Amino acid sequence: MKHTRIRTFNTKATYPEQNLDNDLCQAVVARGSTVFLRGQIGQNLETSESVCIGDAAGQAEQAMANIAMLLKEAGGELEHICKITIYLIDPRYRESVYRVVGRWLKGVFPVSTGIVVSALARPEWLVEIDATAVIPD
């Protein structure tokens, strides 16, 4: 069974002044096995090395690659994501980070929350992304 996505939209229409192309929705109804992913940052999961120092988009790319890898290891895929939360240490990173996330989640339509925080766990981290997925029965 596919998840039900309620009130889907694309950020091109919602935020026309910004160069964004993210498929989102207002609510997701899902049944199956829930996977809660730890917040992912610009860190290689194999080596724990921080990557793309000073590059928010590059760190978002690594975070999304980590999310895809972890979901695969859990038996799921990106299409099973229901909710993402994006934490930024500077609102000026929003467009470049959201463009990266939008490419990874094109056609998925998750619920999304964006938050600007004063800092993340390490000073070199500029963005953190967590996700909740439900793998259908």
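The basis for the numbers below is simple: all heavy atoms, side chains too, and nothing from hydrogens, waters or symmetry mates. If you read the sequence from its start, that first residue is 1, and numbering goes on from there. These numbers were taken from a predicted model, which means no experiment stands behind them.
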* Got a salt bridge between Lys106 and Asp23, using NZ or NE/NH1/NH2 to carboxylate O under 4.0 Å? -> yes
Testing the basics here: between [X] and [Y], what is the closest heavy-atom pair and its distance to 0.1 Å?
| X | Y | value |
| --- | --- | --- |
| Gly114 | Tyr98 | CA-OH, 3.2 Å |
| Ala68 | Trp104 | CB-CZ3, 3.7 Å |
| Ala63 | Ile129 | CB-CD1, 4.0 Å |
| Asp137 | Gly32 | OD1-CA, 3.2 Å |
| Gln43 | Arg122 | NE2-NH1, 3.9 Å |
| Ala27 | Cys25 | O-SG, 3.2 Å |

* To do: Report the hydrophobic cluster partners of Val111, with the cluster defined as I, L, V, M, F, W, Y residues connected by side-chain heavy atoms closer than 4.5 angstrom, directly or transitively.
  =>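 Members besides Val111, by chain and number: Val28.
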* Looking at side-chain heavy atoms only, is the closest gap between Leu105 and Leu78 below 4.5 Å? -> yes
* Asked: Less than 4.5 Å apart, any side-chain heavy atom of Leu70 and any of Gln40?
  -> yes
In terms of hydrophobic clusters joined by side-chain contacts under 4.5 Å, are [X] and [Y] together?
| X | Y | result |
| --- | --- | --- |
| Leu126 | Ile115 | yes |
| Ile81 | Phe36 | no |
| Ile53 | Tyr93 | no |
| Leu45 | Val100 | yes |
| Leu24 | Leu37 | no |

* To do: Could you point out which residue of Glu95, Lys12, Arg99, Arg94 forms a side chain to side chain donor-acceptor pair (under 3.5 Å) with Gln18?
  =>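 Looking at Glu95, Lys12, Arg99, Arg94, the match for Gln18 under the side chain to side chain donor-acceptor pair (under 3.5 Å) is Arg94.
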Looking at [atom1] of [X] and [atom2] of [Y], how far apart are the two atoms once the value is rounded to the nearest 0.5 Å?
| X | Y | atom1 | atom2 | result |
| --- | --- | --- | --- | --- |
| Thr14 | Phe9 | OG1 | CZ | 5.0 Å |
| His3 | Ile135 | NE2 | CD1 | 8.5 Å |
| Gln26 | Ile6 | CD | CD1 | 10.0 Å |

* To do: Starting from the C-alpha separation in whole Å, work towards a yes-or-no answer on side chain to side chain donor-acceptor pair (under 3.5 Å) for Asn66 and Gln62.
  => CA-CA 6 Å; Asn66 292 351; Gln62 180 67 52; 2.8 Å; yes
* To do: List for me each residue that meets side-chain hydrogen bond (donor to acceptor under 3.5 Å, both in side chains) alongside Arg5, sequence neighbours excluded, and say none if there are none.
  => none
What pairs of donor and acceptor atoms, side-chain ones from residues 82-90 against any protein atom, are under 3.5 angstrom apart with sequence neighbours left out?
{"unit_1": "Lys83", "atom_1": "NZ", "unit_2": "Thr85", "atom_2": "OG1", "d": "3.4"}
{"unit_1": "Lys83", "atom_1": "NZ", "unit_2": "Thr113", "atom_2": "OG1", "d": "2.9"}
{"unit_1": "Thr85", "atom_1": "OG1", "unit_2": "Asp130", "atom_2": "OD1", "d": "3.4"}
{"unit_1": "Tyr87", "atom_1": "OH", "unit_2": "Asp130", "atom_2": "OD2", "d": "3.3"}
{"unit_1": "Asp90", "atom_1": "OD1", "unit_2": "Arg92", "atom_2": "N", "d": "2.8"}
{"unit_1": "Asp90", "atom_1": "OD1", "unit_2": "Arg92", "atom_2": "NE", "d": "3.0"}
{"unit_1": "Asp90", "atom_1": "OD2", "unit_2": "Arg92", "atom_2": "NE", "d": "3.1"}
{"unit_1": "Asp90", "atom_1": "OD2", "unit_2": "Arg92", "atom_2": "NH2", "d": "2.5"}

* To do: Check the pair Ile41 / Gln59 against side chain to side chain contact (heavy atoms under 4.5 Å, CB included), numbers first and verdict last.
  => CA-CA 6 Å; Ile41 37 72; Gln59 290 183 17; 5.7 Å; no
* Asked: More than 12 non-hydrogen atoms from neighbouring residues, nucleotides or ligands closer than 6.0 Å to CZ on Arg103, yes or no?
  -> yes
